[in-house]
Amino acid sequence: MRLVIYVMAATLILDQVSKLFVVHVLDLWSRNEITVLPGWFTLRMAWNQGINFGLLSNSNEITRWGLILMAIAISVWVWFWVRREPHRPVIKVAAGLLIGGALGNVVDRIAYGAVADFLNMSVPGIHNPYSFNVADIAIFAGAIGLVLFTGREKTP
């Protein structure tokens, strides 16, 4: 389980450091937007009170704490599922990414009341209104990794 812990810790630290740097040091909180590569990459501040793409988003405290509890419950479930039996290293990395990302967003919900999203990718001529963060990337990559690389080996 050391690999899960290392990946989880690295993901959580990278997520929180990137948020502190972009939101506070670059002052994206008040600047709202910084163009990095015009038409392609922008740092755009978005406070997400819901889940991906703002689903379940409202200022209700019940929703906020419900999402916190759900992220913690999923993280605990994944932890015990991976711990229950031996898994290949790729599964442990995927689990660490998912858990670290989920906990990164939990920290935001507790500290700010919402998740700090700031990465915005577009294509010239097509405006993408959605922002995301390092934790979101880790959750997505971890979930995809768990789906793709788990399952019993088929015998001929």
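All of these numbers come straight from a predicted model, not from anything done at the bench.
Residues Leu26 and Ile34 are in side-chain contact: their nearest non-hydrogen atoms beyond the backbone lie under 4.5 Å apart. Side-chain contact between Met70 and Ile74 is present, with heavy atoms from C-beta onward closer than 4.5 Å. Residues Thr11 and Tyr6 are not in side-chain contact: their nearest non-hydrogen atoms beyond the backbone lie 4.5 Å or more apart.
Judged by distance alone, with hydrogens and angles left aside, the side-chain atoms of Asn48 form no donor-acceptor pair with the main-chain N or O of Val115 at under 3.5 Å. Here the side chain of Ser131 pairs a donor or acceptor atom with the backbone of Arg44 at under 3.5 angstrom.
Ring planes of Trp29 and Tyr112: perpendicular class, angle over 60° (limits at 30 and 60°).
Closest non-hydrogen pair, Asn120 versus Tyr130, comes out as ND2-O, 2.8 Å. Minimum interatomic distance between Lys92 and Leu3 (heavy atoms only, all atoms of both residues): CB-CD2, 3.9 Å. Of all non-hydrogen atoms in Ala135 and Lys19, the two that sit nearest each other are CB-NZ, 4.3 Å. Across all non-hydrogen atoms, the minimal contact from Ser75 to Leu103 is OG-CD2, 4.3 Å.
Defined by atom type and a distance below 3.5 Å, a donor-acceptor pair is present between the side-chain atoms of Gln16 and Asp108. Between Asn105 and Asp136, the side chains place a donor N or O and an acceptor N or O closer than 3.5 Å (distance only, hydrogens not considered).
Annotation for Arg84: atom CZ counts as buried by contact number, over 12 foreign heavy atoms lying within 6.0 Å.
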